[in-house]
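Protein chains get the first letters and strands the later ones, always in sequence-line order, with residue 1 at the start of each. Since this is a predicted model, take the numbers as computed values, not measurements.
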There are 2 protein chains.
Amino acid sequence: MRSPTIKDVAERAGVSLKTVSRVINHEPSVHARTLDKVQRAIEALDYQPDQAARSLRSARTFALGLVYDNPNAHYVIAMQNGVLSVCRERGFGLQIHPCDSSAPRLAEQLCDLVRRSRLAGLVLAPPMSEQPELIRILAEQKISFVRIISARYDPKDGYPCVFVDDRDAAYAITEHLIQLGHHRIGFLWGGKEHRSSPERYRGYEDALREYGLPLDKKLVVEGDYSFDDGFRGARKLLALKEPPTAIFGSNDEIAAGVLAAARSGGIDVPWELSIAGFEDSPFSKQSWPALTTARQATEEIGRHAAQRLIAELQREVDGTVEPIANEGFSPELVVRGSTAPRRL
Amino acid sequence: MRSPTIKDVAERAGVSLKTVSRVINHEPSVHARTLDKVQRAIEALDYQPDQAARSLRSARTFALGLVYDNPNAHYVIAMQNGVLSVCRERGFGLQIHPCDSSAPRLAEQLCDLVRRSRLAGLVLAPPMSEQPELIRILAEQKISFVRIISARYDPKDGYPCVFVDDRDAAYAITEHLIQLGHHRIGFLWGGKEHRSSPERYRGYEDALREYGLPLDKKLVVEGDYSFDDGFRGARKLLALKEPPTAIFGSNDEIAAGVLAAARSGGIDVPWELSIAGFEDSPFSKQSWPALTTARQATEEIGRHAAQRLIAELQREVDGTVEPIANEGFSPELVVRGSTAPRRL
């Protein structure tokens, strides 16, 4: 006699696979009467809910992998903690895999990692999550993953993701500076391999255009998401014949570099120069003055990514086939002491 | 016919087990002639060096666990990167396990973690590494581990460790401040669950004693290894009738808090107040002025801990029984702009 499956339970209880799955996973959203029906069907059939999961997972460990390439310790720790908090709730371990996003054989490396460590799936942080070729190979190799990406809308490309609307938040920061009377606003780019960089730049551009301000290319400097590039970029901007009265650094590390450059040049922040960052990292509250920034709920984003991936794994295992929606985040403007009205 | 063992290879080649193990692990320290002898013995016996290791490891994954409880993102990332760099060289993955060091059932939790995730062994960071009861239980449960601990000397208690001489480095920092003419030096404690805290305090005390300076208990404030406690502690010290002219924060986070307190109080650093930290974290170079500190080679310490643990696992597997020595680190004084001669 074959062992009963989740489908048998659903048929006997007269409910959908999804509902049985909800009961098995102790999700709170199940109506009491339905719960009762499903539980009675489970008992009658002597269905072992974990068996299917076990048979799939026996070849794997109960561990996810987190793949990232980011020099920012606070971002990485927040992401790890978010992903890990869900892993723990669901009985998974977490392997970390910092990597070089430009490594020539990265896809192969990740496939190796999953097989050697028998990982159940990968959480991909930017910029790996934003490399179409890498995503294609992982999908081809039947590796389960979820992506954290910078995007205005759900890409609806068939691959699970959590998307973050950087453009909108960058617009809000630029608008805040414009409303303080700043017309010459410097912009320091983050690393171009991250899609968040052009997205944040577009938010800056959109706000200038919306408010009828000219875009002066001399005020835009390329660089990486680092303190050093913030310092260098700010020195360049502050040496201009017509320097900006405000600088928007694409993340808090960059903004901290701008702050240091201002200080070393004897420029008073915020009265002679307004500075804004992006991320709401711990030190954005600790710098003097504290940084105006965009609150990017990194830990929460990590949590959602892990939930999305585990739901996807569950879907593979228990046969429920309803697709799960991707989730979007919008960082919000946080105004602190580093921005002030333009001195007239 | 039984499969040849590493002992057969050693006998045939006329060398020690340790030497065969070195050859198998591609360690560079093997003499060419010896290498040749061992390789010929391996060929003659058709010895499969990986078989023994495999039989032991098949029940485990090729992953280590890193266990820590530390609010300092830079410290954690440096430690992870150090441990992971060795894991990669040796074909291991790394699972992370941040935890609450005061959790009542921590030992049980760690045993569960190792079994559920089938980890080969654990790298224990402070303060878990410094809890005798926890160590006893892990050893009893035959869980392989290495400890990173704060200690002046090798404890030689039979359990593998990497030890860091915090006391010596704290002495050097205090001495530096004394030599700059400071007689009233404030001291801000780190969290007492970390053994590094009393060790750093003892270094401070020893230096004062050595230089014949009185220990004024009003200048010593307890707290945690955090920015906020540095800020609070400094406010307390600076409000004294006779405030200190220098403050030694037990880590860089604390020192950054002192810097913020000085700045918010309109006190010029370093001319009105010298500040020193401990750790050489990235932001100690980025603050204004940059922080005098002690360079604690966290990444290197992590590397050594992982090497020590993997060597220990290897020892279990391949039967070489020579004990491996524990390694010690001494952080060194790094003088930057936050300390200056006392103003007369």
Selection from B:Leu113, B:Asp228, B:Val76, B:Leu84 maximising heavy-atom pairs under 4.5 Å formed with chain A:
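Going by pairs under 4.5 Å, I would pick B:Leu84.
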Who among A:Gly93, A:Pro98, A:Ala256 has the most heavy-atom pairs with chain B under 4.5 Å?
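Option with the greatest count: A:Pro98.
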Could you state the interatomic distance from CG (A:Leu259) to OG (B:Ser287), rounded to the nearest 0.5 Å?
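A:Leu259 atom CG to B:Ser287 atom OG measures 11.0 Å (nearest 0.5 Å).
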To the nearest 0.5 Å, what is the distance between CD (A:Gln109) and CZ (B:Arg88)?
6.5 Å
Quick one, B:Leu94 with A:Gln95, criterion side chain to side chain contact (heavy atoms under 4.5 Å, CB included). Give me CA distance, side-chain angles, the key distance, then yes/no.
CA-CA 5 Å; B:Leu94 180 65; A:Gln95 280 204 22; 5.9 Å; no
Just wondering, more than 12 heavy atoms not from B:Arg235 lying within 6.0 Å of its CZ?
no
Would you find more than 12 non-hydrogen atoms of other residues, nucleotides or ligands less than 6.0 Å from A:Lys285 atom NZ?
yes
Contacting moiety of B:Asp112, where chain A heavy atoms sit under 4.5 Å:
neither
Pick one of side chain, backbone, both or neither for B:Ile96, based on which atoms fall under 4.5 Å of a heavy atom in chain A.
both
Student check: side-chain heavy atoms of B:Ser117 and A:Phe62 closer than 4.5 Å:
no
Any side-chain donor near an acceptor of the partner, B:Glu253 and A:Gln286, under 3.5 Å
no
For residues A:Arg263 and B:Trp288, report the shortest heavy-atom separation together with the two atoms involved.
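Looking at all heavy atoms of both residues, the shortest contact is CD-CD1, 3.1 Å.
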